[in-house]
There are 2 protein chains.
Amino acid sequence: MAFLLSRLGFEVGRELGHALAGLGLEVRHFGLLRLLADRKGHSQRALGAMLRITPNRMVALIDDLESRGLIERRPHPADRRAYAVTLTGAGSALLDQALQAALDLEVRTCRPLEAEEREQLLGLLRKLAEAKDALNNEALAGIHPGMPASDED
Amino acid sequence: MAFLLSRLGFEVGRELGHALAGLGLEVRHFGLLRLLADRKGHSQRALGAMLRITPNRMVALIDDLESRGLIERRPHPADRRAYAVTLTGAGSALLDQALQAALDLEVRTCRPLEAEEREQLLGLLRKLAEAKDALNNEALAGIHPGMPASDED
DNA sequence: TATTGTTATACTCTATAACTATA
DNA sequence: TATAGTTATAGAGTATAACAATA
């Protein structure tokens with residue numbers, strides 16, 4: 001079952017990549033845009049910690065999206081070393097399209113299942129994910145906050 | 001749900017990698033050893049086509065496992081250009097250990113679920129995988145056999 | 001002294017295109 | 001001519017360690 005889960009997850013991830021490619025986005029771009037829609041004005045390091053992306057890679061990722069006018073590096077109100085990374089109007093609009101593409105994929109992925117089966121599957125996957133989160137939060141509780149610290153990932 | 005599936009699948013795959021690391025194996029090694037246990041004496045290209053690994057990468061992969069005495073390049077009975085790649089006794093023994101490690105991971109992964117729920121989940125994942133296979137086989141039916149041909153993957 | 005963003009360097013992984021020996 | 005295995009080269013992606021500005 002673990003094998004099946006891994007394989008399906010890998011394929012769905014790849015399909016999401018294909019779906020986003022039409023918008024000129026990759027999965028990591030999507031992840032950052034999605035995060036910026038919820039949590040506003042965070043520093044690059046804070047965002048990287050949430051996404052498990054190291055500081056040097058965040059530079060390239062943010063350079064990329066900023067050069068396309070989708071996000072902005074604004075001065076951070078409390079720390080002149082840092083930027084407050086912010087979604088622009090164009091970024092928000094493209095994110096909406098990306099979310100729509102993800103929803104289409106969702107529908108396509110679920111098509112082989114009956115409505116009732118989808119609910120079952122969703123519930124079971126949630127249960128697994130929550131159990132895993134509980135484990136991770138416990139394990140991460142003792143770690144210095146703000147740092148990726150993904151040595152023993 | 002697609003997102004949840006992708007995330008869980010990714011994490012399980014990573015955990016399998018950690019479980020195999022103790023045996024000095026990576027997931028790709030495991031995949032090849034597993035394949036060799038079932039289908040004996042195939043050429044490198046045939047194996048690569050099944051695993052979606054290009055010929056040049058197969059060389060390095062097989063070099064690696066052969067240098068550790070886990071597999072052998074024997075002369076191919078019907079084609080002097082090719083090798084009949086074969087699992088050795090040591091390879092078979094290590095594969096058994098790897099399968100045991102994978103089974104342990106399976107048990108750990110399923111722990112948050114009741115026995116009945118596991119059956120449900122397994123059934124639903126199988127249904128999704130089979131639907132996907134049906135699609136792929138149809139799409140692949142027109143492609144020249146024996147070639148990876150992963151242009152539009 | 002520690003931290004934010006950045007850059008430079010090296011290293012790994014991979015794809016592509018050659019090459020040889022056979023078919 | 002096409003195919004099996006191999007090798008060489010170049011390119012992408014990444015980690016690591018430095019750096020200047022600020023805390």
Side-chain angles (χ1 to χ4, degrees), chain A residues 10 13-14 17 21 24-29 31-32 36 39 41-67 71-86 143-153, chain B residues 10 13-14 17 21 24-29 31-32 35-36 39-67 71-86 143-153:
Chain A
F10 180 76
R14 195 170 51 184
L25 293 176
E26 297 171 26
V27 178
R28 50 185 145 185
H29 299 131
L32 178 55
L36 289 176
R39 318 202 171 195
H42 279 268
S43 72
Q44 295 186 185
R45 285 186 114 92
L47 294 168
M50 299 177 210
L51 297 169
R52 310 230 170 184
I53 294 177
T54 53
N56 57 334
R57 289 197 294 147
M58 280 301 285
V59 173
L61 183 58
I62 290 184
D63 279 353
D64 191 355
L65 292 175
E66 189 176 37
S67 72
I71 65 178
E72 271 179 1
R73 279 189 250 237
R74 297 190 183 163
H76 195 288
D79 187 338
R80 281 192 297 168
R81 295 173 303 180
Y83 293 116
V85 183
T86 313
I143 291 183
H144 202 93
M147 264 305 294
S150 51
D151 232 354
E152 282 300 316
D153 225 13
Chain B
F10 180 77
R14 193 169 54 184
L25 294 176
E26 297 170 26
V27 177
R28 50 185 145 184
H29 299 131
L32 179 55
L35 191 59
L36 289 176
R39 319 203 170 195
K40 302 182 189 271
H42 280 269
S43 71
Q44 298 187 184
R45 285 186 113 93
L47 295 167
M50 300 177 208
L51 297 170
R52 310 230 169 182
I53 294 177
T54 52
N56 58 334
R57 290 197 293 147
M58 281 300 286
V59 173
L61 184 57
I62 291 183
D63 279 353
D64 191 355
L65 292 175
E66 189 176 37
S67 73
I71 65 178
E72 272 180 2
R73 279 188 250 237
R74 297 190 184 163
H76 195 288
D79 187 339
R80 280 193 297 168
R81 295 172 303 180
Y83 292 117
V85 183
T86 314
I143 291 184
H144 203 92
M147 265 304 296
S150 51
D151 232 357
E152 283 297 319
D153 225 5

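The chains referred to below are lettered A, B, ... by the order of the sequence lines, with proteins before strands, and numbering in each begins at 1.
- Donor-acceptor pairing under 3.5 Å, judged by distance alone, is present between the side chain of B:Asn56 and the base of C:dT16.
- Between B:Arg80 and the phosphate of C:dA21, there is no side-chain N or O to OP1/OP2 separation shorter than 4.0 Å.
- Taken from CG in A:Leu36 to NE2 in A:His42, the straight-line distance is 9.5 Å, to the nearest 0.5 Å.
- In the set D:dT6, C:dA15, C:dT6, C:dA15 carries the atom at the smallest distance from any side-chain atom of B:Thr54.
- Within the 4.0 Å cut-off from OP1 or OP2 of C:dT16, not a single side-chain nitrogen or oxygen of B:Arg57 is found.
- Under 4.0 angstrom from either OP1 or OP2 of C:dT4 there lies no side-chain N or O belonging to A:Arg73.
- Of the listed nucleotides (D:dG13, C:dG5, D:dG5), D:dG5 has the atom at the smallest distance from the side chain of B:Ala82.
- Atom-to-atom distance recorded for A:Leu65:CG and A:Arg28:CZ is 10.0 Å, nearest 0.5 angstrom.
- For B:Val59 and A:Ala78, each mapped to the nucleotide of DNA chain D holding its nearest heavy atom, the one lying further toward the 5' end belongs to B:Val59.
- As rounded to whole Å, 11 Å separates atom C1' of D:dG13 from atom CD of A:Glu26.
- Counting atom types as modelled, A:Arg81 pairs a side-chain N or O with a base atom of C:dT3 as donor and acceptor under 3.5 Å.
- Look at A:Ser43 and you won't find any side-chain N or O under 4.0 angstrom from OP1 or OP2 of C:dT4.
- Judged by closest nucleotide on DNA chain C, A:Tyr83 is the one of B:Asp79 and A:Tyr83 placed further toward the 5' end.
- Going from atom CZ of B:Arg45 over to atom C1' of C:dA21 covers 13 Å, rounded to whole Å.
- Rounded to an integer number of Å, the gap from A:Ile53 CD1 to C:dG5 C1' is 15 Å.
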